[in-house]
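What follows is a short report on a single structure.
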Amino acid sequence: MKRFIFISACLVVLFCLPYISAAQMTAAQILTKVDANLNSAKDQTLMTTITLIDKAGKTSARTMSLIQKGSDKRLVKFLSPADQKGIAFLSLPNDNLTVYLPAFGKTRKIASSVKNTKFAGTDFSYEDMEAKKYSSKWTPKLLRTDGSNYVLELSLKSGMTSDYSKLIMFARTSDCYPVKIEHYDKGGKLYKTITASKIEKVGNYLIGKETVMADHKTGTKTKMSITSAKFDQGLTDDKFTEREMIK
Amino acid sequence: MKIRIFGFLVSLILPLLLVAQTDTVMTIGPNDSIVIVVDSLVVIEELVTEGEAVHEEKPVSLEWNGYLMTDDRIRIDGLKLNWQEYRFDLRSQLRLGDRARFYGELWVRGIRFPGISSASDLSFTNKILPIDIDIRELYADIYGLFTKNLDVRIGRQRIAWGTGDRFNPTDNLNPYDLEDIWDFGRHLPSNALQLNYYAGNWTFTAAGILQFTPSVLPGSDWTPAFMPQAELPEVIVDSTTVPGLSIPVYISPGILSDSIVLPQRSLKHSPSFGLKVKRSLGAWEMSLSYVYNRDPLPLLYRTHTRLTVDTLVISLPDVIYANATADVTAWLRYPVQKILGFDFAGSLWGVGLRGEAACIFPEKVMLDQTLHYDAPMLMLSRDSVLADSVALDGKPYVKFLLGIDYTFKNNIYLNFQYLHGFLHERGSRELNDYFMLGLDWSLLNSKLKLSLLNTGLQVGDWKDFAGNYAVMYMPELAWKPVDNAEVTLGAHIIDGKGASGFGRVHKNDDVFVRFRFNF
């Protein structure tokens with residue numbers, strides 16, 4: 001009988017261990033795991049469809065290919081609509097930004113002030129599109145566990161700059177994948193909300209195949225759907241060059 | 001014209017045939033080669049030696065796109081339709097994985113007004129509705145030829161150098177296309193071979209063009225802005241100028257004609273080439289270039305004036321003078337020049353900075369002037385050689401550009417450039433200063449763009465600014481009602497004083513409406 005009770009107790013402990021350890025996770029640990037979910041792939045190749053939804057619900061779509069290595073090398077090429085086809089953005093570390101405009105037939109360095117605007121007319125800012133780790137820019141505080149999500153408040157670290165005063169992040173307790181992030185402006189008002197859905201495992205990585213950014217000030221939304229994703233293809237640095245932009 | 005269309009179609013079809021043979025190509029031995037014929041140019045491409053690598057390549061793809069554009073301009077002075085262009089742009093590219101690409105761009109345009117001068121012309125559709133077809137580009141890219149770092153482009157192409165926005169003192173390999181002066185920065189393509197070798201942050205470029213092509217000049221109503229004013233003297237009283245007649249001769253212009261002398265189509269006289277080394281340093285890039293070519297704008301180097309005395313007015317005993325007609329023939333040619341260029345672009349504190357400088361070493365050209373004098377009633381007929389003057393002094397001079405740009409949070413894009421030396425200005429004394437401001441405000445998710453402060457200022461003489469300047473104001477409002485479609489309303493307003501180039505064409509103000517649909 002004692003043996004049965006002991007084994008049963010061990011099984012209960014083993015069964016509950018993940019939940020006990022999850023409950024004991026600190027805000028920093030959760031954010032680290034969020035970053036790991038979002039940035040653990042060495043490289044990624046994505047095909048995406050971006051749908052712009054205006055206040056009245058009218059939509060317009062554009063498609064682009066994106067390759068990324070680590071968190072700071074990215075090449076985006078627009079495939080549609082026709083008036084943007086062929087335009088390419090190369091983003092390298094230290095605000096090294098280059099654009100290729102087919103109409104001019106040459107690449108051009110662009111000033112980092114372009115980050116002041118929205119990315120390609122979407123509701124995403126350049127800052128939103130950055131692949132930098134949240135933990136390197138924001139200090140997390142665990143507000144609560146809300147059903148199946150951790151709710152973190154992220155405040156800006158000193159020395160860092162952002163368009164947002166704070167973020168409220170909802171990350172799944174099961175795997176720390178962020179499903180919603182509220183962005184607050186400098187006045188503390190809710191500015192934008194990004195939600196991720198259709199979260200699936202592709203290879204070794206979790207990916208939200210559909211992401212919607214809602215701008216509460218303008219009433220517009222941008223839906224980004226990933227139609228194809230490949231990870232750890234062994235992309236070399238020479239894929240992130242001006243030579244590749246003009247090909 | 002038919003040959004051009006045929007050439008374009010052939011160049012598009014041939015790659016298709018090549019694609020159809022792709023499977024066969026894969027079975028050819030490693031050292032075999034295939035021959036691709038594009039617009040009479042022959043490229044020999046070595047096959048990939050490793051079958052595995054072939055399978056990793058991107059798939060073959062054929063893409064078509066282009067746009068339809070209409071551009072109607074009404075000249076404010078007289079409310080005359082002075083420009084109407086309906087352009088169909090068709091682009092096609094065929095990618096053969098990561099190894100090669102074929103690209104062609106064709107313009108089909110209705111740009112000329114009906115050229116009807118007699119009833120018989122009404123029987124020709126092409127005179128009533130003239131159509132022009134231009135092959136803007138047609139080339140083949142071979143990536144990683146001989147070595148993985150070498151890319152080759154061969155065919156009709158635009159070789160765009162320089163970091164400036166539309167104004168590029170170091171962009172000198174393609175001739176200018178000034179057909180539409182308001183589409184500034186447009187160049188003609190050249191039949192050329194271009195090699196690019198990539199080594200880390202360095203890019204080495206070499207380009208060669210065998211055949212000289214002159215620039216397209218703007219219409220006659222823009223000539224005063226680009227050509228120095230040559231005025232005949234109203235009266236000649238110097239007997240050394242008109243030998244044998246030491247009386248005042250009042251001159252009225254007769255027939256003015258010119259002759260363009262193109263360089264010989266030989267390897268010695270016609271080719272041009274350029275070399276460029278580019279280095280990227282983080283968010284900065286800079287390059288050094290050298291170009292040997294002929295100035296694509298013609299230079300006056302010889303004149304012959306035929307002065308015919310029509311009447312002699314004699315009022316004895318004191319006054320005698322003559323009336324004469326001057327027929328002038330001018331010869332123009334394209335002098336050789338060597339250009340050492342430097343450019344840079346980067347960003348500092350969020351502000352985009354760019355600059356270009358071109359040091360031009362021109363050929364020295366003398367202006368040879370001769371005069372033939374006829375006074376039939378006096379039985380005089382003589383030739384006279386006037387003292388030579390210098391058309392181009394051969395001394396090096398520098399044109400340069402500095403520019404900044406910044407994007408503000410409210411989607412306002414500011415672009416400011418300072419240019420010393422416009423494309424047609426030669427010699428350090430002739431270079432004017434230009435300031436260009438662009439301010440674009442994008443609204444409604446970039447569906448509306450207001451560019452109400454686009455201005456340019458030309459300063460001909462800083463010591464006499466008020467009497468020698470030109471201002472250009474080019475407001476625009478662009479609206480995208482749906483994806484791929486854009487309607488633009490705008491105006492081109494010019495004002496100026498003195499001999500400043502653009503001040504002389506201040507009556508060319510217009511308003512325009514432009515529509516563009518991309519597909």
Side-chain angles (χ1 to χ4, degrees), chain A residues 52-55 58-62 65 79-86 90-99 101-118 120-123 125-126 161 163 215 218 220 222 233-234 236-239 241-244 246-247, chain B residues 63 65-67 91 95 98 101 137 141 143 148-149 151 157-163 165-166 185 196 198 201 203 278 280 282-285 344-354 404-413 442 444-447 480 482-486 516-519:
Chain A
L52 309 181
I53 307 162
D54 72 10
K55 216 172 176 177
K58 265 174 70 178
T59 61
S60 63
R62 51 209 62 194
S65 68
L79 309 174
S80 73
D83 60 353
Q84 293 181 25
K85 182 179 166 64
L90 176 65
S91 173
L92 296 173
N94 302 318
D95 283 340
N96 183 356
L97 305 169
T98 310
V99 64
L101 300 170
F104 294 96
K106 59 184 176 184
T107 59
R108 182 174 162 180
K109 291 284 179 193
I110 48 176
S112 55
S113 60
V114 74
K115 291 182 175 179
N116 286 334
T117 60
K118 294 175 174 181
T122 67
D123 289 301
S125 67
Y126 279 81
T161 56
D163 282 345
D215 185 326
T218 60
T220 55
T222 300
Q233 299 268 293
T236 51
D237 284 347
D238 61 10
K239 292 287 179 193
T241 58
E242 292 180 17
R243 183 189 191 189
E244 286 297 316
I246 61 178
K247 269 187 177 179
Chain B
E63 298 168 10
N65 65 307
Y67 62 87
R91 299 169 197 184
R95 290 180 185 279
D98 282 331
R101 182 175 78 116
E137 288 195 280
D141 278 334
Y143 304 121
K148 67 173 186 173
N149 293 337
D151 292 347
Q157 59 189 283
R158 170 81 174 97
I159 304 166
W161 286 4
T163 53
D165 187 9
R166 291 178 179 262
N196 280 293
Y198 301 91
N201 291 325
T203 305
K278 182 175 163 185
S280 292
W284 290 82
E285 66 177 27
F344 71 90
S347 175
L348 201 62
W349 302 305
V351 179
L353 301 171
R354 58 185 178 275
I404 60 167
D405 66 279
Y406 190 81
T407 308
F408 294 91
K409 278 192 183 295
N410 45 7
N411 287 324
I412 291 178
Y413 174 70
S442 294
L444 306 174
N445 262 357
S446 301
K447 284 186 175 174
K480 284 185 177 177
V482 291
D483 274 349
N484 296 320
E486 184 176 74
R516 180 167 164 148
F517 181 79
N518 296 274
F519 63 91

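Being a predicted model, the structure only gives us computed values, none of them experimental. A, B, ... follow the sequence lines: proteins, then strands. Residue 1 opens every chain.
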- Message: Which atoms of A/T220 are under 4.5 Å from chain B, going by heavy atoms: the side chain, the backbone, both sets, or neither?
- Response: side chain

- Message: Among B/A160, B/G185, B/G66, B/S442, which residue has the highest count of heavy-atom pairs closer than 4.5 Å to chain A?
- Response: B/A160

- Query: With respect to chain A, which residue among B/G346, B/G350, B/S347 yields the maximal number of heavy-atom pairs within a distance under 4.5 Å?
  - Reply: B/G350

- Message: I'd like to know if B/K148 pairs up with A/D238 as an ion pair, taking the criterion as any Lys NZ or Arg NE/NH1/NH2 lying under 4.0 Å from an Asp or Glu carboxylate oxygen.
- Response: no

- Task: Counting only heavy atoms closer than 4.5 Å, note whether A/D237 contacts chain B via side chain, backbone, both or neither.
- Result: neither

- Where on B/E63 is there a heavy atom nearer than 4.5 Å to chain A: the side chain, the backbone, both, or neither? side chain

- Flag the one option from B/E486, B/K480, B/K409 with the top tally of heavy-atom pairs under 4.5 Å to chain A. B/K409

- Item | Partner chain B: residue of A/R243, A/K109, A/K118 with the largest heavy-atom pair count (under 4.5 Å) | A/R243

- Query: Atom CG of A/D83 and atom CG of B/N65: how far apart are they, to the nearest 0.5 Å?
  - Reply: 10.5 Å

- Query: Can you find a heavy atom in the side chain of A/T98 that is under 4.5 Å from one in the side chain of B/E285?
  - Reply: no

- Drop me the distance from B/D405's CG to A/R108's CZ, to the nearest 0.5 angstrom. 5.5 Å

- Task: Please determine, among A/G86, A/S113, A/A111, the option with the most heavy-atom pairs under 4.5 Å with chain B.
- Result: A/S113

- Message: Report which part of B/R158 has an atom under 4.5 Å of a heavy atom belonging to chain A: side chain, backbone, both, or neither.
- Response: neither

- Do B/D483 and A/R62 touch side chain to side chain, with heavy atoms closer than 4.5 Å? yes

- Which region of B/Y406, side chain (C-beta onward) or backbone (N, CA, C, O), has a non-hydrogen atom less than 4.5 Å from a non-hydrogen atom of chain A, or is it both or neither? both

- Query: Can you tell me how far the NZ atom of B/K447 sits from the CG atom of A/L52, to the nearest 0.5 Å?
  - Reply: 8.5 Å

- When the 4.5 angstrom heavy-atom criterion is applied to B/F408 and chain A, the contacting part is backbone

- Task: With a 4.5 angstrom heavy-atom cut-off, could you sort out which part of B/R516 is near chain A: side chain, backbone, both or neither?
- Result: neither

- Output the option from A/N96, A/L97, A/D95 having the highest count of non-hydrogen pairs under 4.5 Å with chain B. A/N96

- Quick one: of B/L444, B/N410, B/N149, who has the most non-hydrogen atom pairs under 4.5 Å with chain A? B/N149

- Task: Counting only heavy atoms closer than 4.5 Å, note whether A/I246 contacts chain B via side chain, backbone, both or neither.
- Result: both

- Message: Within the structure provided, determine whether A/K85 and B/N518 are in side-chain contact (heavy-atom separation under 4.5 Å).
- Response: no

- Message: A quick test of your reading: do over 12 heavy atoms of other residues, nucleotides or ligands sit less than 6.0 Å from CG of A/N94?
- Response: no

- Message: Could you check whether any side-chain N or O of A/K106 sits under 3.5 Å from a backbone N or O of B/G162, counting only pairs where one atom can act as donor and the other as acceptor?
- Response: yes

- Message: Taking side chain as everything from C-beta outward and backbone as N, CA, C, O, which of these in B/D141 sits under 4.5 Å from a heavy atom of chain A? Side chain, backbone, both or neither.
- Response: neither

- Is there a donor-acceptor contact under 3.5 Å from the side chain of B/R95 to the main chain of A/K247? yes

- Message: Between B/N484 (side chain only) and A/A82 (backbone N and O only), is there a donor and an acceptor less than 3.5 Å apart?
- Response: yes

